[in-house]
There are 2 protein chains.
Amino acid sequence: MSSPATRPNPGERTPRGSRLPRRARRAQLLESALEVFVAQGYHAAAMDDIADRAGVSKPVLYQHFPGKLELYLALLDRAVDAVIDGTRAALESTDDNKQRVAATMHAFYTYVASEEGEFRLVFESDLTNDPAVRQRIDRVTTECAELIAHVIHDDTGLPDDQCRLLAVALVGMGEVSARFWLQDRVQGRDTIEQDMAAGLIAGLAWRGIRGYPRTDEQT
Amino acid sequence: MSSPATRPNPGERTPRGSRLPRRARRAQLLESALEVFVAQGYHAAAMDDIADRAGVSKPVLYQHFPGKLELYLALLDRAVDAVIDGTRAALESTDDNKQRVAATMHAFYTYVASEEGEFRLVFESDLTNDPAVRQRIDRVTTECAELIAHVIHDDTGLPDDQCRLLAVALVGMGEVSARFWLQDRVQGRDTIEQDMAAGLIAGLAWRGIRGYPRTDEQT
DNA sequence: GGATCACGCCGATCTTGACCTCCATGCGGA
DNA sequence: TCCGCATGGAGGTCAAGATCGGCGTGATCC
């Protein structure tokens, strides 16, 4: 959450006329842009909308950011770092691998469920063809997978290629299931509690990954 | 593959001047549109590009499809049906659940690796904000998950909610891992063989899902 | 065998909408 | 009281989706 001064009423237009120092104005513009991009996607979002939402006119927007793309990238970078840092923190929070899986999955669900809907920028972007955007979005999966692959490698001794692929699969599991769990939730459908959902998927992941090479040929 | 008459050289422009019956022209336009949408995404793709690729002028395109969106949806419907049918076929191909998981995962990998890159429409669309598109893309995950959830339910007796969430996670596993496996492959990086990759992920999935409620509290 | 007709096709144009800048204006310090 | 600077309204530009009247070709009919 940002301070009430910069965003008095999330989702509503800020009344015009307030004079802000550069730093604060920039932060406020970022918040307004996030709300608009999350709600509308990149293409449908107009710079007018963002300026209106912030209670300023378009030229001030362009005095803080060179263009629409750079504004989007600034938000995307923030979001990407948040996911990766969250994953890293979860993995470092314990030495028990089962707990690691659980913590990571909970981190994913918590991030996806966070109020701002920031995850849409990363997991549901509509600008995937732009190289700069593509690179940042891929970085989430690759770096999270890299962190996890390390743990898998230490635990199982599998070749690096296979560790990475398994790690990517685990990330995909969390990402897709969390998105659909949230979608069910916001659609009012009665659904599973967050902790229970994350725990369920963590269980699936842990059963799949634990002691990998040994239990290869059963049933 | 389509007949040489309608697409003599994939990726190249068809020379202008050939007169085709409506049905054949429409099929050719769909193929051209698929190539362009796959290569550029929805927004970056111009109707001019598609017309050029097909060797016709823009008005012809509009005589076959009411607009850009409808053209895209026609292709998307085809792709969505292909994925769901493939999943259904894989699940019905055997009665052994381990084989079912393996067959389904192989089906996913085969689809993603298919030459036309059709999977990009479903898994990497840049029009996720349009309701019609969103609904179709979600249908892939929900219906595939529904099919899988049925099997899980019969096997484990878990509540429906949990079966569906687990099934969605499995779908996400296949989708994301297959996409990244393919990406590594097309970037020339030496990577795992398709059968081996699909088998690896199938193993992960099967270990995770088999005999679910029983082995809950180990290590 | 020749004219008619229908169908498919094209060049050129219109229009919309979104990103991005020019001149007037009003507020904070010397 | 006067100056500098951030701000606002209005407009330019351009790309891309969508369209109109005319042309050529092959089949049909007399």
Side-chain angles (χ1 to χ4, degrees), chain A residues 5-6 13-30 32-33 35-37 39-75 125-127 129-130 132-133, chain B residues 5-6 13-37 39-76 126-127 129-130 132-133:
Chain A
T6 60
R13 293 184 47 233
T14 305
R16 306 183 88 112
S18 62
R19 237 177 138 82
L20 266 62
R22 267 192 85 80
R23 196 62 59 88
R25 179 65 80 190
R26 185 189 154 93
Q28 184 221 14
L29 290 176
L30 280 172
S32 300
E35 291 175 20
V36 175
F37 280 134
Q40 317 245 344
Y42 180 83
H43 296 286
M47 294 295 266
D48 301 87
D49 296 345
I50 297 172
D52 275 5
R53 175 71 56 105
V56 297
S57 77
K58 251 186 304 184
V60 299
L61 201 50
Y62 282 96
Q63 280 165 3
H64 285 269
F65 303 94
K68 191 184 184 183
L69 180 61
E70 287 77 13
L71 175 55
Y72 189 76
L73 288 179
L75 291 168
S125 175
D126 58 343
L127 198 61
N129 298 285
D130 185 279
V133 173
Chain B
T6 61
R13 292 183 48 232
T14 305
R16 304 182 89 117
S18 63
R19 241 175 133 82
L20 266 63
R22 270 191 82 81
R23 196 64 59 87
R25 179 64 82 193
R26 184 189 156 94
Q28 185 221 14
L29 290 176
L30 280 172
E31 282 314 303
S32 301
L34 178 63
E35 293 175 19
V36 174
F37 280 135
Q40 317 245 344
Y42 180 83
H43 295 286
M47 293 296 265
D48 301 89
D49 297 344
I50 298 172
D52 276 5
R53 175 71 55 108
V56 297
S57 74
K58 241 187 316 182
V60 180
L61 207 48
Y62 282 94
Q63 282 164 2
H64 285 268
F65 302 95
K68 191 183 183 183
L69 180 62
E70 287 78 12
L71 176 55
Y72 189 76
L73 288 179
L75 291 168
L76 189 57
D126 59 344
L127 198 62
N129 298 283
D130 184 280
V133 174

In this structure, how many angstroms lie between the [atom2] atom of [N] and the [atom1] atom of [X], rounded?
X       : N       : atom1 : atom2 : value
L71(B)  : dA18(D) : CG    : C1'   : 14 Å
L61(B)  : dC10(C) : CG    : C1'   : 14 Å
K68(A)  : dG17(C) : NZ    : P     : 14 Å
L29(A)  : dT7(D)  : CG    : P     : 9 Å
H64(A)  : dC20(C) : NE2   : P     : 16 Å
D48(A)  : dG17(C) : CG    : C1'   : 10 Å
L127(A) : dC19(C) : CG    : P     : 12 Å
Q40(B)  : dA16(D) : CD    : C1'   : 13 Å

>> As a quick check of understanding, evaluate side chain to side chain contact (heavy atoms under 4.5 Å, CB included) for L75(B) and L30(B), giving each step before the final call.
In response: CA-CA 7 Å; L75(B) 291 168; L30(B) 280 172; 3.8 Å; yes

> For the side chain of E70(B) and the backbone of G67(B), is there at least one donor-acceptor N/O pair under 3.5 Å apart?
Replying inline: yes

From the options [options], select the nucleotide whose nearest atom is closest to the side chain of [X].
X      : options                  : value
S57(A) : dC20(C), dG11(C), dT7(D) : dT7(D)
P59(A) : dC20(C), dC20(D), dG8(D) : dG8(D)
V60(A) : dT21(C), dC10(C), dT7(D) : dT7(D)
K58(B) : dG9(D), dA16(D), dA18(D) : dA18(D)

> Would a 4.5 Å heavy-atom cut-off, applied to side chains only, mark E31(B) and R53(B) as touching?
Replying inline: no

> Can a side chain N or O of R25(A) be found less than 4.0 Å away from OP1 or OP2 on dA6(D)?
Replying inline: no

> OP1, OP2 of dA18(D) versus side-chain N and O of Y62(B): anything below 4.0 Å?
Replying inline: yes

> When we call it a touch if two heavy atoms are under 4.0 Å apart, what does A45(B) touch: a base, just sugar-phosphate, or nothing?
Replying inline: sugar-phosphate

> Taking for each residue the nucleotide of DNA chain D bearing the nearest heavy atom, is the 5' side occupied by Q63(A) or by E70(B)?
Replying inline: Q63(A)

>> Looking at every heavy atom in both V36(A) and A45(A), which two are closest together, and how far apart are they?
In response: CG1-CB, 3.6 Å

> Taking atom CG of D130(B) and atom OH of Y42(B), what is their separation to the nearest 0.5 Å?
Replying inline: 7.5 Å

